[in-house]
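Data block below; observations after.
Note on naming: letters A, B, ... go to the chains in the order of the sequence lines (proteins, then strands), and numbering restarts at 1 for each one.
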2 protein chains.
Amino acid sequence: MDAQGIKQCLEDSGLRCTPQRYSVMSFLMEHAGHPTAAEIFEGVNRLDPRSSRATTYNNLRDLVQAGLVREVAMEGRAARFDAKGAQHHHFICDKCGKVEDIDWYTVPQPGSESLGKRIVRECELIVRGLCTKCVPRRASQNSSRVVSAV
Amino acid sequence: MDAQGIKQCLEDSGLRCTPQRYSVMSFLMEHAGHPTAAEIFEGVNRLDPRSSRATTYNNLRDLVQAGLVREVAMEGRAARFDAKGAQHHHFICDKCGKVEDIDWYTVPQPGSESLGKRIVRECELIVRGLCTKCVPRRASQNSSRVVSAV
DNA sequence: ATTTCATATTAGACATAATCTAATTGCTAT
DNA sequence: ATAGCAATTAGATTATGTCTAATATGAAAT
Ligand SMILES: [Mn+2]
Ligand SMILES: [Mn+2]
Ligand SMILES: [Zn+2]
Ligand SMILES: [Zn+2]
């Protein structure tokens, strides 16, 4: 997406397109690897304009609230972020913690008898296991069996 | 589950059944509300024996590694824990952050063309929205529409 | 062009969650 | 009893994220 597109995107969500906010959004769109807030802060400040740590956090909060960015909470580690482009699921590696996109497919919602009066906004599927780099060579199918159905 | 059952459970997983570890496991089994580490620490120390904060964290780590306990990472807030009893999904409230159990049902795994060489250990479904307490009275179905399929 | 004023940014202090360290204690096997 | 490993402990430390209060910015009104 080009600069004008990002600007449009922000303003459609009621957010002013400030240089700092633009940088965060732009960085996320060209770095699909689910960076942490610290990585985003570093990344946008490698080039001008300088943005402060607080502003990076503020803008990430605003972008998440506006639904343009997704925050993925990690056990023990720093949260990771991605621009909500095409819908997709996530794979999280047990060993290295890497977050990878998985092609989107529809997942059935819980039945209304389970949900009661709750109002559903979204369903999120997280697949866990070992990423390509962490799968041991000649992995025996015994040691880490692929689950059959879940 | 009775005391002997918990002891068995721990030892089957190669964990010694120490008083502190037992307390954590027992507390989680009788408090299904997804407590934080701090709440567990407080809870087990209301009665003897006294357990330290470090030990509470250590034992939670051990129990998660052994697959007896699940850790649910929360954006910004402290992680929450539950004893892995019957399989179930989770509902997380956008507003108050409460984690609630949702009846389990099978969710289709990603196809092997998406997974590549990755090895899947589990698929986790997280439903997000407003919990019963946070749904506004006479909620108009316009303001927060139930997603049709996801 | 100037004023106005809500919004955004900033540095750094602060808060919270989680981990680490090094000393001690408790088990279990011999 | 002794040895040796595992577990616990208090407190320090790190990591992550939030808050504050002062300043800057930009869009709208005059
Ligand atoms: Mn993603
Ligand atoms: Mn649960
Ligand atoms: Zn990995
Ligand atoms: Zn709620």
Side-chain angles (χ1 to χ4, degrees), chain A residues 6-28 34-45 47-66 68-81 97 99, chain B residues 6-7 10-28 34-45 47-66 68-81 97 99:
Chain A
I6 295 178
K7 184 165 184 285
Q8 197 54 240
C9 209
L10 292 176
E11 288 172 353
D12 288 352
S13 303
L15 296 173
R16 282 209 329 228
C17 182
T18 66
Q20 293 84 349
R21 190 172 288 149
Y22 175 90
S23 303
V24 169
M25 193 64 203
S26 169
F27 184 86
L28 278 175
H34 308 90
T36 63
E39 287 164 354
I40 295 165
F41 171 65
E42 275 219 352
V44 303
N45 280 320
L47 312 163
D48 278 325
R50 303 276 138 172
S51 179
S52 74
R53 210 164 59 93
T55 296
T56 303
Y57 274 104
N58 287 344
N59 283 327
L60 282 169
R61 187 213 333 100
D62 297 342
L63 292 168
V64 167
Q65 272 188 355
L68 296 175
V69 165
R70 164 152 57 168
E71 176 175 355
V72 184
M74 310 287 300
E75 304 84 53
R77 319 191 207 201
R80 297 186 165 274
F81 298 86
V99 180
Chain B
I6 294 178
K7 184 165 185 288
L10 292 176
E11 288 173 354
D12 287 353
S13 303
L15 296 173
R16 281 211 325 228
C17 182
T18 65
Q20 293 86 350
R21 190 172 288 150
Y22 174 91
S23 305
V24 169
M25 194 63 204
S26 170
F27 184 88
L28 278 175
H34 308 90
T36 62
E39 287 164 355
I40 296 165
F41 170 65
E42 276 218 353
V44 303
N45 280 319
L47 312 162
D48 276 327
R50 303 278 138 170
S51 179
S52 74
R53 209 163 55 89
T55 296
T56 303
Y57 274 105
N58 287 344
N59 282 328
L60 282 169
R61 187 211 336 99
D62 296 343
L63 292 168
V64 168
Q65 272 188 355
L68 297 174
V69 166
R70 166 155 54 169
E71 176 175 355
V72 184
M74 311 286 300
E75 303 83 52
R77 318 190 208 201
R80 298 185 165 276
F81 298 86
V99 179

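B:Thr55 meets the side chain to side chain donor-acceptor pair (under 3.5 Å) test with B:Ser52; sequence neighbours excluded. Under the side-chain contact (heavy atoms from CB on, under 4.5 Å) criterion, B:Ala78 pairs with B:Thr36, not counting sequence neighbours. Partners of A:Val72 by side-chain contact (heavy atoms from CB on, under 4.5 Å), not counting sequence neighbours, listed by chain and number: A:Arg70, A:Met74, A:His90, A:Ile92. Qualifying salt bridge (Lys or Arg N to Asp or Glu O under 4.0 Å) partners for B:Arg16, counting only residues two or more places apart in sequence or in other chains: none. Contacts of B:Phe27 classified as ring-ring contact (aromatic ring centres under 6.0 Å, His included), with partners at least two apart in sequence or in another chain: B:His31. The side chain to side chain donor-acceptor pair (under 3.5 Å) test applied to A:Arg77 returns no partner, not counting sequence neighbours. For A:Asn58, the side-chain contact (heavy atoms from CB on, under 4.5 Å) partners at least two apart in sequence or on another chain are A:Arg61. Here A:Phe41 pairs with A:Asn45, A:Arg53, A:Thr56 under the side-chain contact (heavy atoms from CB on, under 4.5 Å) rule; sequence neighbours left out.
Residue A:Ser13 holds its OG atom at 8.5 Å from CG of A:Leu63, rounded to the nearest 0.5 Å.
When DNA chain D is scanned 5' to 3' for any atom under 4.0 Å from a heavy atom of chain B, the first and last hits are D:dA6 to D:dA12.
For residues 34-44 of chain B, the pairs satisfying salt bridge (charged side-chain N to carboxylate O under 4.0 Å, His left out) are B:Glu39-B:Arg80, B:Glu42-B:Arg46, with sequence neighbours left out.
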So if I define the base as every atom that isn't primed, P, OP1 or OP2, how would nucleotides 8-22 of chain C read as a B/S/- string at a heavy-atom cutoff under 4.0 Å? SSBBBB---SBBB--

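From one end of the helix from C:dA1-D:dT30 to C:dT30-D:dA1 to the other, with five pairs defining each end axis, the axis direction shifts by 30° (rounded to 10°).
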